[in-house]
Amino acid sequence: MAILCEFWWAKRRLALAAAVLIGLSFPVTWMHARDIQGNAVLEFVSALPIAGSVFLVFVAFNYTERDRRGRFSGFPVRTFTLPVSTTLLVTTPMVAGMVAIATVYLMASTMIFGYAIGVQSPLWPAILLASGMAGYQAILWSLAPHRMIKLVVLGVGGAFHVSLGVALATIEGTWRSLLPAPLGSWSIDLLLLAALTPWCLGFYLGALAAVHSQRHGGMEANSRGTLRRLLEDLSDRLRPRRREPFRSAAAAQFWYEWRRCGCVLPWATFGVLVLIMAPAPFVGEIRAETTVVTLQWILLTPIALAFAVGKGFGKADFWSKDLTVSPFLATRPCGSGDLIRTKVLAALASAMLTWALVFVAAAMWLGHWCDLSSMVKWVTMLGSKFSYERLWVAAGMITVLGVLFTWKLLVNGIYLGVAGERWRWHAHLSFVGALLLGFALLFGMLFAHHHPEEVRLFLIGRAPKLIWLCGALVLLKIWLAYRLWTGAVEREILSAGRAARYFAWWVGVTGCLVYGIWQILPYPVWIRNLLTLMALAFMPAVRLGVALHRLHSHRHA
Amino acid sequence: MNLPTSSSAGAVISVAGLSRRFGTKPVLEDVSIHVPRGCVFGLLGENGAGKSTLIKHLLGLLRVEAGAVRVFGLDPVAQGVEVLSRIGYLSEARDLPSWMRVDELLRYSAAFYPGWDHVYADELRRQFELETKVRVRHLSQGQLAKAGLLVALAHRPELLILDEPSSGLDPVVRRDILEAIIRTVADEGRTVFFSSHLLDEVERVSDQIAMIHRGRVVLGGTLSDIKERHVCLVVRFPAPRLEIPSLENVVHLQGADREWSIMCQGARGPLEASLAKLGGEVVEERVPTLDEIFVAQATGAGGMAR
């Protein structure tokens, strides 16, 4: 009970957030129940709060703490000296987690789908989630010293559970209709329960053995064991040890940034590309339609990953939970402006390498295993409509835009990461989450009540006002950026030369974007003007200006 | 702003009237310290006294709220790069990047200091028995301290700032290596500023000390000056005293009945006068140890006990 109380006290905010999410979603879905019923898009949007609350429960039951020397996160070492058995230490959070996830899902689905919309939600996702929770905790505790393996196993395990869920959802209707009434409604749940119980038992016993071993010094041995050495050898081969002296302090700092933050995105992209492309040699030629769809996903991968990686990229150390700049880094004899500049350059290198990787991998994949007929048809059609020269310019611009947008997603979080304030960080993440959810709800409602053509006409009708609003925002941004950057130069955070060089880079890229837009899309005028304003707002200036001041204030609190 | 006076001109470190609060809690109050070039300066204080906060001000990691801080005559916040490039710093937290290997740590650190002495760095590494290919996260506490010390020393800084350098080091390393290094640095005309709560270490190594207690410097000067300014007395009264006797210039007082132990600071005259009024007489007198002075100053009025 004491363990549960302590756990509740530490995670009460997350529990509250999950409750608020469900509580707020219920009246909204209840009010729009008629619109939602039978509308697949809106049903999907209604399920988002359930997914959000389930996600929050998973975050809450990440029952780990850093070991005494801060090397890795594992089962809380401080509990090892409590006068209770290992069985109790492991059973309590694991059972609590399984019960919590099943309860939250059932509550959320019953309230939102059952009461509000009037659609009966199945029981089997609760069983699947509970099993997922057991596996999640077992992996977190058992593979604590092996960070990369842990991430891979978590990814594979998560993908397996999601795939199983999708498969069950697909066959559910057919399955139920094939069996007589009472059996049909319970059989999937019972079957899943029977199938997953041994899994859960296995997870539990594995976690118990791992924590028992760690409680008696196994972690130390494990962290220095054969597996660890093999992984470090592999890591050395993939990221060779630095054996040459650095040319300058800037080069050394770039290496530091690259090793801690910059290389994350290329590696993550590489991992996802391998997952997407690895089955290709075994399935024969990929169909034309599948090729187009998969290529879209491949091209979206760096952007989607950069959005997630960008949240950690801004921190002094991507892998650290601590947002403060360590005294070691803070006492390097280089200015705060130089530290930010290095981060920005590492982000650019990271984005460029990631896209190079994507293009090389996509070219190999398309060339060897795909039916290109649909793509050729598209290119021919577009070429005849807009001319091939324009198409090449557009392709080039989209590529550059892809790199720049990826870079922008990476550097956008620097101003939060270097501020050293956890509350800002959490507030930002909550804001982004709420914004995404808000947009999903807004568009869901918009398209539920109106035909897409109506929405399009509505937006075109308001375009002139929208342009004025965008114009005002762009002017505000430029003014703010000017104030922040001149302020940084005045406070000697950054030299005037460095500020001028970034300004030149900003003008150069923005100018190219504007030129490209005017070349490719001269008409309709309102779209051209809107895109021009978006191009003016594209390059990060305000956030980087804030980052300069924040890091300086954090380093000299 | 309270700027350092002309008497502090030429000092490597000049702190004048420095005060700092964290929220409503005062951490440093009107601290003034001047450290001349070539001096080994020991900052003494119990845990939470404000030693690390003072050091963070010297490094420019904290902005001055009240008072002034100058290192090499420069403002460590406004001229951070110039100041930090001349300082070797060993953090109490030993927060070296855990993912680096020892040789990578040395190469990375070397890039920031043009005066990095590779031969000296290698010599220290051998002396400290640090393997090049070991990752920092696999080093023991003692090895971490040695690695931190190596990074702080290898560029032969003009000012070496060591925050609790003994923490994690075994007594042999502490005595034979750390103290030898500190003396060598000082003999080369460079300055060492170190904080510690280990009195014997401070006593053995320091030329000057400052004792900080609850954010205030309660004592400062050379060791001999400090010892000369203090005296331990045993006084006897003609009759048992039920109350704590009221005596002048007393830092610490303890006893019961007729016999009381006193630590006196400064001139003896006022003490003897007040003692004579109460009919007391000195029966024993001796020079206190630094340990006794520290305890007396740290406990202060609270140390007036029966």
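- Within the 4.5 angstrom heavy-atom criterion, only side-chain atoms of B:L105, from C-beta onward, approach chain A.
- The part of A:S248 that comes within reach of chain B is its backbone (N, CA, C, O), which places non-hydrogen atoms under 4.5 angstrom from that chain.
- When atom types are taken as modelled, the side chain of B:R190 and the backbone of B:E158 share no donor-acceptor pair closer than 3.5 angstrom.
- The contact between B:Y89 and chain A is made entirely by side chain atoms (from C-beta outward), counting heavy-atom distances below 4.5 Å.
- A:K343 places a side-chain N or O within donor-acceptor distance of the main-chain N or O of A:F313, the cut-off being under 3.5 Å.
- Neither the backbone nor the side chain of A:R247 comes within less than 4.5 Å of any heavy atom in chain B.
- In this structure, A:R332 satisfies the cation-pi test against A:F328, with its NZ or CZ atom closer than 6.0 Å to the six-membered ring centre and inside 45 degrees of the ring normal.
- Note that B:R86 lies in the cation-pi zone of B:F72, set by a 6.0 Å cut-off to the ring centre and a 45° limit from the axis.
- Residue A:I493 does not touch chain B at all, counting heavy-atom pairs closer than 4.5 Å.
- For B:L62, the parts sitting under 4.5 Å from any heavy atom of chain A are the backbone and the side chain alike.
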Does B:V151 form a side-chain contact (heavy atoms from CB on, under 4.5 Å) with B:L106? I'd like the steps, not just the answer. CA-CA 7 Å; B:V151 171; B:L106 297 183; 4.2 Å; yes
